[in-house]
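I have placed the structure first, in the form of structure tokens, so that the comments after it can refer back to it.
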Amino acid sequence: MSPRLSRAERRQLRRAERAVDHMTPIEREIFLGIRVDELSYAELATIHGITVADVEHHFAGALRILDRHMLERHHKWWQFWR
């Protein structure tokens, strides 16, 4: 039997799920490939037919989205970065 999650843990889990939902499909695949499937950048680059630099770029984008949702901070200056 798994232990029940606390209210704070459930809130964090919902935030993480929401963050993943807001990622583009390629960011989502790269993020989950690195964090869940534990694939290397080179492996993901080969799978998706992109360069390692592109994998780094998409992973950084995914981390920005995750940061924004997990900490409930909204960096207004990010709107102008794109």
Please find the pair of heavy atoms, one from [X] and one from [Y], that lie closest to each other, and give the distance.
X   : Y   : result
L44 : I30 : CD1-O, 3.8 Å
R15 : M70 : NH1-O, 3.3 Å
R4  : E9  : O-OE1, 4.4 Å
V52 : Y41 : CG1-CB, 3.9 Å

[X] [atom1] to [Y] [atom2] distance, which is reported to the nearest 0.5 Å:
X   : Y   : atom1 : atom2 : answer
L13 : R18 : CG    : CZ    : 10.5 Å
L63 : E56 : CG    : CD    : 11.5 Å
E43 : I47 : CD    : CD1   : 6.5 Å
R10 : Q12 : CZ    : CD    : 12.5 Å
L66 : M23 : CG    : CE    : 5.5 Å

Query - I65 backbone acceptor or donor facing H69 side chain under 3.5 Å - result: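 Indeed, once roles are kept as given, a pair shorter than 3.5 Å links the two residues.
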Requested in this report: Count the heavy atoms belonging to other residues, nucleotides or ligands that lie under 6.0 Å from NE2 of H48, then report whether that count exceeds 12.
Outcome: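 Enclosed: over 12 neighbouring heavy atoms sit under 6.0 Å from NE2 of H48.
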Requested in this report: Anything under 30° is parallel, anything over 60° is perpendicular, the rest tilted; go ahead and classify F31 against F59.
Outcome: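 Answer is parallel, since the angle falls under 30°.
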